Novice: 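Would you mind keeping the following structure in view while I ask a few things?
Since the structure is predicted, the reported quantities are computational estimates derived from the model, not experimental observations.
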Amino acid sequence: MMRSGDLSSRELTQAHLDRIAAVDGPLNAVVTLDPERALTEAAAADERRASGHSLGLLHGLPMTHKDTHAVAGMRSTFGSPLFADHVPETDDRIIARLRRAGAVSTGKTNVPEFGAGSHTFNEVFGVTRNPYDTAVSAGGSSGGLAAALAARIQPLGEGSDMGGSLRIPASFCNVYGFRPSLGVIPSHGEAHRSAWLGRQGPMARNVRDIRLFMAACSGPADGLPGLRSMSGEEFAESGPASLRGVRVGVTRTFGTEMPLQPEMSEAVDRAAAVLTELGAEVQEVVVDLSAAQEVFHVARAFDFAAAYGEFVRASPEQVKEEVVWNVEEGFALDVPRIIRANALSAQLQDECDRLFDSCDLLLSPGCQVVPFPVEHRYPAEVAGVPMSTYLGWMSSATILSATGLPTLAVPAGFTATGLPTGVQLSAPHYGDALLLRRAQAYDEATEWPTVAPGASKS
């Protein structure tokens, strides 16, 4: 509509700002807002169209950004009291790519402190609540974005994912979240050049918009040698791929002792039934990804010590206890444990190669639990099993993080009490574009995210 002139970016941006004013109060999804800047950028977008200039794939689209991503000239706090008044001078690479594609920057969405944990709360802005039930969590660390999408504040946006930060909030909020293969969306600002665990990627209410985002933001980057890249054109291929004959392996625990609430196993059943109806060959598979637990915990601890160690050592009282613990875990790593984790990583990749010899996609639970009360820092137990750390309840996501496989969080309907559920679809390394095309067929057959908060879920 904007390309044809039927709608201006200024009109759309004002509607976006009006929607924030109307619904965000009880949600606390958008925590920083700059309406003057947004409307100025929207006017510039309209002038660009009127002048006949070429337009980016996201021309004139208003978008808040995750508060762990630096936006030049806009307060970017990382959810930390240490950065409560921080205003960066440069954009993170993902922000620069979005803006180059034409996006209008309107504000920031809430995150856990330093993005740690899959429940969005911090000492700067407080807690973000789920649009489907404000008594429960929206997930995290991209919880503010997930809530904004579900509340119809915007159609898509960027998040990040180390241990499920795109996928768990997507599962909690009835939207899609995509964790790409390494380097498909290059990032910068890692604390060390060998960092591989964290990814940046999109969230949206349908797979077409996920693909649009990937078409706009994928591609190689200067200064990041050695990473395989994918072009945006690979994601722009028209139409969904058929699921007929596609082999889908199903796992609920990845060959581990991971506990799972019954509602999440039921979500896997619902998704499997849809895939079967679409012609996929769906069957349970035997897979052993137990090595992923150690690989993930070592890589995360190392990355946390490198990224946040100086803040913990200088001001531990101003950093939340979970981050302090994770940093100290990193400082306690010794060479034998790092060597063992590297060996386990190689075993893990061999197991993934074996798995995808017999299937094309892997279906697994999107989370181990349904959205939990916002007053809890994290679930203390799952299906009666106590969690020893703040990461324990996230294993359904962290296991796949350790494999590096491209993984899409997919809505899978609602519980009997009306809470969203989700599953994950994973593909072989760098099968990102085909994964999304196949998932679009599932999306168009189910359209779960068209069920808005407050609507009937029957």
Novice: Of the non-hydrogen atoms in C173 and P131, which two are nearest, and what is the gap between them?
Specialist: SG-CD, 4.3 Å
Novice: For the residue pair F83 and H86, does the interplanar ring angle fall in the parallel (under 30°), tilted (30 to 60°) or perpendicular (over 60°) class?
Specialist: perpendicular
Novice: Provide the closest heavy-atom pair for V111 versus F78 in the form atom of the first, atom of the second, distance.
Specialist: CG2-C, 3.9 Å
Novice: Using modelled atom types only, decide if a donor and an acceptor are shared between the side chain of T403 and the backbone of L400 within a distance under 3.5 Å.
Specialist: yes
Novice: Taking atom types as modelled, find out whether Q424 and S396 have a side-chain donor-acceptor pair closer than 3.5 angstrom.
Specialist: no
Novice: Less than 4.5 Å apart, any side-chain heavy atom of H69 and any of S187?
Specialist: no
Novice: Do M214 and V184 have side chains that get closer than 4.5 Å, going by heavy atoms?
Specialist: yes
Novice: What is the distance from atom CD of E158 to atom OG1 of T109, rounded to the nearest 0.5 Å?
Specialist: 7.0 Å
Novice: Checking side chain to side chain contact (heavy atoms under 4.5 Å, CB included) for the pair W448/Y176: CA distance, chi angles, key distance, verdict?
Specialist: CA-CA 10 Å; W448 283 116; Y176 288 86; over 6 Å; no
Novice: Establish, from distance only, whether the side-chain atoms of E322 and N326 form a donor-acceptor pair under 3.5 Å.
Specialist: no
Novice: State whether the side chain of N130 and the backbone N or O of F172 hold a donor-acceptor pair below 3.5 Å, judged by distance alone.
Specialist: yes
Novice: What distance do L145 atom CG and L166 atom CG have between them, rounded to the nearest 0.5 Å?
Specialist: 8.0 Å
Novice: Hey, is the main chain of R199 close enough, under 3.5 Å, to the side chain of D161 for a donor-acceptor pair?
Specialist: no
Novice: So R48 and S51, side chain to side chain contact (heavy atoms under 4.5 Å, CB included) or not? Walk me through it.
Specialist: CA-CA 5 Å; R48 184 172 184 84; S51 311; 5.8 Å; no
Novice: So which heavy atom on Q349 is nearest to which on A402, and how close?
Specialist: NE2-O, 4.0 Å
Novice: Roughly how far, to the nearest 0.5 Å, is the CZ atom of R337 from the CD atom of E329?
Specialist: 6.5 Å
Novice: Less than 6.0 Å separating the ring centroids of F114 and F311?
Specialist: yes
Novice: Specify the closest pair of heavy atoms between L408 and L435, including all atoms of both residues, with the distance to one decimal.
Specialist: N-CD2, 4.2 Å
Novice: Check the pair V136, R129 against side chain to side chain contact (heavy atoms under 4.5 Å, CB included), reporting the backbone distance first and the verdict last.
Specialist: CA-CA 6 Å; V136 301; R129 296 173 180 268; over 6 Å; no
Novice: Could you tell me whether the side chains of N110 and T120 share a donor-acceptor contact shorter than 3.5 Å?
Specialist: no
Novice: With a 6.0 Å cut-off (strictly less than), is the heavy-atom count around CD of E123, excluding the residue itself, greater than 12?
Specialist: no
Novice: Taking the side chain as every heavy atom from C-beta outward, state whether T398 and L391 have any atom pair closer than 4.5 Å.
Specialist: no
Novice: Is the backbone of E36 close enough, under 3.5 Å, to the side chain of T40 for a donor and an acceptor to pair up by distance?
Specialist: yes
Novice: Which heavy atom of S160 sits nearest to which heavy atom of S141, and what is that distance?
Specialist: O-OG, 4.3 Å
Novice: For residues L61 and L156, determine if any side-chain heavy atom of one lies less than 4.5 Å from a side-chain heavy atom of the other.
Specialist: yes
Novice: Do you know which two heavy atoms are closest between V124 and P81, and how far apart they sit?
Specialist: CG2-N, 3.6 Å
Novice: Ignoring hydrogens and angles, tell me if any N or O in the side chain of N206 forms a donor-acceptor pair with the backbone of D209 under 3.5 Å.
Specialist: yes
Novice: Going through the distances and angles, do D18 and Q14 end up as a side-chain hydrogen bond (donor to acceptor under 3.5 Å, both in side chains)?
Specialist: CA-CA 6 Å; D18 291 345; Q14 187 60 59; 2.9 Å; yes
Novice: Are Q154 and H16 linked by a side-chain donor-acceptor pair shorter than 3.5 Å?
Specialist: no
Novice: Taking M1's backbone N and O only, do any of them form a donor-acceptor pair with S4's side chain (distance below 3.5 Å, no angle check)?
Specialist: yes
Novice: How long is the gap from CD on E113 to OH on Y308, to the nearest 0.5 Å?
Specialist: 10.0 Å
Novice: Side chains of N174 and F414, heavy atoms from C-beta outward: is any pair under 4.5 Å?
Specialist: yes
Novice: Before giving the answer on salt bridge (Lys or Arg N to Asp or Glu O under 4.0 Å), spell out for R313 and E328 the whole-Å C-alpha distance, their side-chain angles and the decisive distance to 0.1 Å.
Specialist: CA-CA 10 Å; R313 290 293 166 89; E328 295 300 343; 3.5 Å; yes
Novice: Taking atom CZ of R340 as the centre, does the number of heavy atoms from other residues, nucleotides or ligands within less than 6.0 Å exceed 12?
Specialist: no
Novice: For the atom pair CZ (F125) and OG1 (T77), what is the distance rounded to the nearest 0.5 Å?
Specialist: 4.0 Å
Novice: Atom OG of S105 and atom CZ of R37: how far apart are they, to the nearest 0.5 Å?
Specialist: 5.0 Å
Novice: Go through E237 and R437 one step at a time and tell me if the salt bridge (Lys or Arg N to Asp or Glu O under 4.0 Å) criterion holds.
Specialist: CA-CA 8 Å; E237 185 176 344; R437 290 183 62 222; 3.6 Å; yes
Novice: Does the side chain of D432 come within less than 4.5 Å of L436's, by heavy atoms?
Specialist: no
Novice: Assess the side chains of S9 and D46: does a donor N or O sit below 3.5 Å from an acceptor N or O?
Specialist: no
Novice: If you take the centroid of each ring, where Trp contributes its six-membered ring, are Y390 and H119 closer together than 6.0 Å?
Specialist: no
Novice: Give a yes or no on whether R208 atom CZ has more than 12 heavy-atom contacts from other residues, nucleotides or ligands under 6.0 Å away.
Specialist: no
Novice: Only one of S401, S426, P406 passes side chain to side chain contact (heavy atoms under 4.5 Å, CB included) with R179; say which it is.
Specialist: S401
Novice: Under 4.5 Å between any side-chain heavy atoms of C217 and Q200, yes or no?
Specialist: no
Novice: Examine distances only and state if a side-chain atom of R167 and a backbone atom of A397 form a donor-acceptor pair shorter than 3.5 Å.
Specialist: yes
Novice: How far apart are the C-alpha atoms of S118 and Y378, what are their side-chain angles, what is the distance that settles it, and do they pass the side chain to side chain contact (heavy atoms under 4.5 Å, CB included) test?
Specialist: CA-CA 8 Å; S118 271; Y378 58 89; over 6 Å; no
Novice: Would you check if S315 and L82 make a side-chain contact, meaning some heavy-atom pair closer than 4.5 Å?
Specialist: yes
